[in-house]
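Only one structure is covered here, and it is reproduced in the block below.
Side chains included, hydrogens not; waters and symmetry mates left out as well; all remaining heavy atoms used. First the proteins, then the strands, lettered A, B, ... as listed; each starts at 1.
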Protein chains: 2
Amino acid sequence: MAARLGVVSVVQAVIRSLRARIFSGELAPGTSLAEVDVATHYEVARPTAKAALENLVASGLLTRNAHQTARVTLLSSRDAIDIYRTRAIIEAEAVRLLAAQREVPSEAREANAEITELVGASPIDIIDPDIRFHAALVQALGSRRTSAIYAQLTDEIRLCMTHVQDATLLSTKDIAAEHARLLQLISEGEAAAAAKVLEEHLHTASNKLAEHLESL
Amino acid sequence: MAARLGVVSVVQAVIRSLRARIFSGELAPGTSLAEVDVATHYEVARPTAKAALENLVASGLLTRNAHQTARVTLLSSRDAIDIYRTRAIIEAEAVRLLAAQREVPSEAREANAEITELVGASPIDIIDPDIRFHAALVQALGSRRTSAIYAQLTDEIRLCMTHVQDATLLSTKDIAAEHARLLQLISEGEAAAAAKVLEEHLHTASNKLAEHLESL
DNA sequence: ATACGGAAATTGTCTTACAAGTACACATGC
DNA sequence: GCATGTGTACTTGTAAGACAATTTCCGTAT
């Protein structure tokens with residue numbers, strides 16, 4: 001293989017590698033990805049590359065019209081708002097349920113602890129624990145399909161983030177504080193208040209992100 | 001072409017045809033669908049059939065493990081409950097928003113009128129307008145991604161229904177009445193009450209469906 | 001009757017090939 | 001000079017054939 005691929009299935013390996021390259025920013029939004037390019041890059045057959053590209057198109061990371069070469073999706077501010085709205089619906093419900101049970105997921109607590117430790121570090125480093133924090137809330141719902149849907153939205157969020165290399169949208173300190181407050185309200189069983197904090201948290205993030213995307 | 005296909009793209013046409021055959025019950029849950037079978041049936045190449053099958057696997061209508069022939073997904077009662085839970089999250093939010101705006105989608109009203117007219121008819125005939133009623137509520141959110149997610153869940157619901165040919169889970173009259181009450185509460189701006197009615201409506205439907213699936 | 005071995009069936013991938021559609025550049029006419 | 005039309009190059013869509021790898025199932029032998 002031309003590029004290192006954790007060997008599972010060729011198509012799956014290509015998909016995984018392309019995802020990583022997209023998220024890392026190596027393949028910036030707008031970059032063209034022809035089937036032949038992918039095929040030669042990984043030294044696989046074109047049908048294999050095609051299958052990988054189609055998978056990524058389906059998950060929203062790539063965009064392609066008929067007979068046109070696929071490009072890394074360039075999300076608009078309206079897309080970002082739409083994604084965050086959808087996220088908010090799911091997460092708010094998760095938070096309400098958790099609060100009703102006064103159950104604070106340990107993964108969420110740990111992820112936020114990680115964020116707190118990164119207060120001085122590069123804003124890019126907090127993306128990962130931040131995503132884990134929110135994912136932990138949804139995971140706690142225990143619904144396979146809800147988690148799957150949320151995972152797909154998370155992918156698009158990550159893609160958004162690659163638009164904004166300067167990811168200093170919110171201060172790490174504020175994010176950690178809002179998360180902590182959210183967990184506090186959950187532990188107190190304040191479902192409505194917790195949901196409201198979450199919605200505002202996502203809403204301000206959404207606004208900042210949309211604003212940054214507009215300015216490109 | 002061996003079977004009539006509305007000509008768009010070969011793969012898309014095969015997908016559409018297979019979906020129709022699955023929903024119609026011609027391809028009952030559990031039926032094997034080998035790539036060669038599909039290829040010969042539609043007189044297309046195996047890669048084309050493969051692409052169509054992979055698409056349907058991704059949307060949950062078919063199930064396949066590596067090196068194993070695809071089968072029409074056989075949903076368990078737990079799946080049904082999971083699907084309805086996820087549905088409920090989205091629909092409840094839609095209903096809350098609509099109530100806050102006191103906005104009753106005309107499509108929902110029309111779909112329920114259609115149900116009301118079908119009070120004496122076969123329970124199977126109400127599936128379609130019932131789905132349209134609920135979809136109209138979600139559509140009103142105006143979120144592309146939320147609608148897309150909901151559409152996928154709807155597909156799985158339809159698949160559930162093919163398990164239970166005797167779809168007389170609830171009386172048509174009761175369904176129409178609950179829908180009407182829901183629309184009434186929306187028009188009155190009673191967000192919380194409307195959401196509660198919806199959740200109970202879906203919960204009882206989910207229970208009945210799960211019960212029927214268990215008894216197979 | 002059970003366990004082992006092998007054959008059949010199926011999917012995974014590659015190679016090659018051609019058809020069809022899109023986009024861009026170039027030339028032509030106004 | 002600009003708009004328009006055409007043609008070519010590029011890319012994707014689909015097909016056909018071939019081989020490897022894996023799973024399943026059946027037959028046989030113990």
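For DNA chain D, the residues of residues 62-72 of chain A within the heavy-atom distance limit of 4.0 Å (strictly under) are Arg64(A), His67(A), Gln68(A), Thr69(A), sorted by number.
For Lys50(A), no side-chain nitrogen or oxygen approaches OP1 or OP2 of dT12(D) to under 4.0 Å.
Between Ala140(B) and Leu98(B), the shortest heavy-atom distance links the atoms CB-CD2, 3.5 Å.
Listed nucleotides dT12(D), dT13(C), dT11(C) differ in distance to Val36(B); the shortest reach to its side chain belongs to dT11(C). Distances from the side chain of Ala45(B) to the nucleotides dA16(D), dT11(C), dC14(C) place dA16(D) closest.
Counting distance only, with no hydrogens placed and no angle test, the side-chain atoms of Arg46(B) and the base atoms of dT10(C) include no donor-acceptor pair under 3.5 Å.
Computed from coordinates, the Leu33(A) CG to dT11(D) C1' distance equals 13 Å when rounded to whole Å. Taking atom CD of Glu54(A) as the reference point, atom C1' of dG13(D) lies 10 Å away to the nearest angstrom. When rounded to the nearest whole Å, the span between CG of Leu53(A) and C1' of dT11(D) equals 12 Å. Between Tyr42(A) atom OH and dC14(C) atom P the separation is 14 Å, expressed in whole Å.
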Scan the side chains in residues 46-53 of chain B for donor-acceptor partners under 3.5 Å anywhere in the protein, sequence neighbours excluded, and list what turns up.
unit_1	atom_1	unit_2	atom_2	d
Arg46(B)	NH1	Glu35(B)	OE1	2.8
Lys50(B)	NZ	Glu35(B)	OE2	3.2

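Side-chain contact annotation: Asp82(B) with Ser143(A), donor-acceptor N/O pair under 3.5 Å present.
Residues forming a salt bridge (charged side-chain N to carboxylate O under 4.0 Å, His left out) with Arg158(A) (at least two apart in sequence, or on another chain): Asp128(A).
The local environment of CZ in Arg109(A) is sparse, with at most 12 non-hydrogen atoms from other residues, nucleotides or ligands closer than 6.0 Å.
Residues Pro47(B) and Asp37(B) both approach DNA chain C. Their nearest nucleotides, taken by heavy-atom distance, put Asp37(B) toward the 5′ side.
Below 30°, between 30° and 60°, or above 60°: for His179(B) and His134(B) the angle between ring planes is above 60°, a perpendicular geometry.
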